[in-house]
Amino acid sequence: MKKRIFNRTLICVFAALFVAGLLMANNAFLKKKIKLNKASATLKVGSKLKLKVKNTKKKVTWKSSKKKVATVSKKGVVTAKKTGKTTITAKVGKKKLTCKIKVVKAGSSTSSKTPKATATPKPGTTSKPSGTQKPSTKPTATPKDSLANQPTANPSTRDDGWVPGWY
């Protein structure tokens with residue numbers, strides 16, 4: 001009897017330690033990784049971009065590798081100065097996070113934006129054809145079991161009531 005109580009107590013203690021270990025391990029994995037909201041960006045000369053460090057409340061220090069190309073404020077606002085490339089670094093404690101910035105002329109278009117005229121619709125959606133689009137001349141294949149090949153339920157296809165395909 002005493003041996004049985006001892007074994008049950010021992011099992012309960014090991015189970016409690018196991019559960020406590022799992023909970024402590026999960027807390028380490030639940031911590032979210034500190035990262036920037038953007039890894040890279042293309043800006044026009046004179047434009048601004050707000051960079052943010054996610055998953056931390058610690059103090060962040062900002063630095064630009066080429067201040068002639070783009071500067072960064074204490075709050076993470078990047079201002080594009082002239083064409084070129086630079087790297088913005090955010091330092092949080094001992095961790096360094098970077099964002100590559102490309103600055104282009106104010107009149108040029110950025111490659112990240114697609115003009116509306118060349119945008120392709122998502123699969124499964126329909127769009128109205130414009131005057132510049134050519135209609136598809138490919139016939140669509142219908143499977144043998146589709147409703148298009150089934151006999152029609154409309155008896156008015158012939159005057160005598162005969163429906164093709166019904167016997």
Side-chain angles (χ1 to χ4, degrees), residues 9-148:
T9 306
L10 192 60
I11 290 172
C12 288
V13 168
F14 280 125
L17 290 173
F18 181 72
V19 170
L22 284 177
L23 291 175
M24 292 175 76
N26 277 342
N27 284 339
F29 291 114
L30 290 176
K31 256 189 173 178
K32 292 187 177 183
K33 195 174 185 180
I34 297 173
K35 62 182 181 176
L36 279 175
N37 62 335
K38 293 205 179 265
S40 65
T42 302
L43 300 174
K44 293 181 181 180
V45 175
S47 64
K48 295 183 179 192
L49 170 71
K50 172 76 172 160
L51 292 177
K52 297 176 187 173
V53 178
K54 294 181 177 182
N55 305 322
T56 188
K57 299 209 180 220
K58 293 181 180 179
K59 183 181 175 186
V60 180
T61 55
W62 299 92
K63 184 179 176 184
S64 173
S65 65
K66 294 180 185 173
K67 292 179 183 177
K68 289 183 179 182
V69 175
T71 59
V72 61
S73 72
K74 290 180 180 181
K75 293 187 177 186
V77 178
V78 179
T79 304
K81 297 289 184 182
K82 72 174 203 173
T83 58
K85 294 180 181 179
T86 186
T87 301
I88 304 297
T89 305
K91 189 173 179 185
V92 182
K94 293 182 180 180
K95 188 155 181 99
K96 289 184 180 182
L97 308 165
T98 60
C99 177
K100 296 184 184 239
I101 301 290
K102 180 180 178 184
V103 180
V104 295
K105 290 181 183 180
S108 66
S109 65
T110 59
S111 61
S112 63
K113 293 183 180 179
T114 306
K116 287 185 179 179
T118 60
T120 57
K122 293 180 183 177
T125 61
T126 58
S127 62
K128 295 179 182 178
S130 66
T132 60
Q133 293 177 338
K134 294 182 180 179
S136 175
T137 57
K138 264 188 178 179
T140 57
T142 57
K144 291 182 181 180
D145 295 336
S146 74
L147 291 176

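Note that the structure is predicted; figures quoted are calculated from it, not measured.
The side chain to side chain contact (heavy atoms under 4.5 Å, CB included) search around T83 returns V45, K105, not counting sequence neighbours. Legend: residues meeting side chain to side chain contact (heavy atoms under 4.5 Å, CB included) with K100, ordered by chain and number and at least two apart, are S40, T87. With sequence neighbours left out, the side-chain hydrogen bond (donor to acceptor under 3.5 Å, both in side chains) criterion links S64 to T86. For A41, the side chain to side chain contact (heavy atoms under 4.5 Å, CB included) partners are K38, L49, I101, not counting sequence neighbours.
Nearest heavy atoms, K44 versus A80: O-CB, 3.3 Å.
How far NZ of K96 is from CD1 of I34: 15.0 Å, rounded to the nearest 0.5 Å.
Applying the side chain to side chain donor-acceptor pair (under 3.5 Å) test to residues at least two apart or on different chains, none of the pairs has a partner in residues 72-82. The side chain to side chain donor-acceptor pair (under 3.5 Å) analysis of residues 47-63, with sequence neighbours excluded, yields no pairs.
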Yes or no on side-chain contact (heavy atoms from CB on, under 4.5 Å) for V53 and L36, after CA distance, side-chain angles and deciding distance? CA-CA 5 Å; V53 178; L36 279 175; 3.8 Å; yes
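With respect to V78, the side chain to side chain contact (heavy atoms under 4.5 Å, CB included) criterion is satisfied by exactly one of V103, I88, T71: I88.
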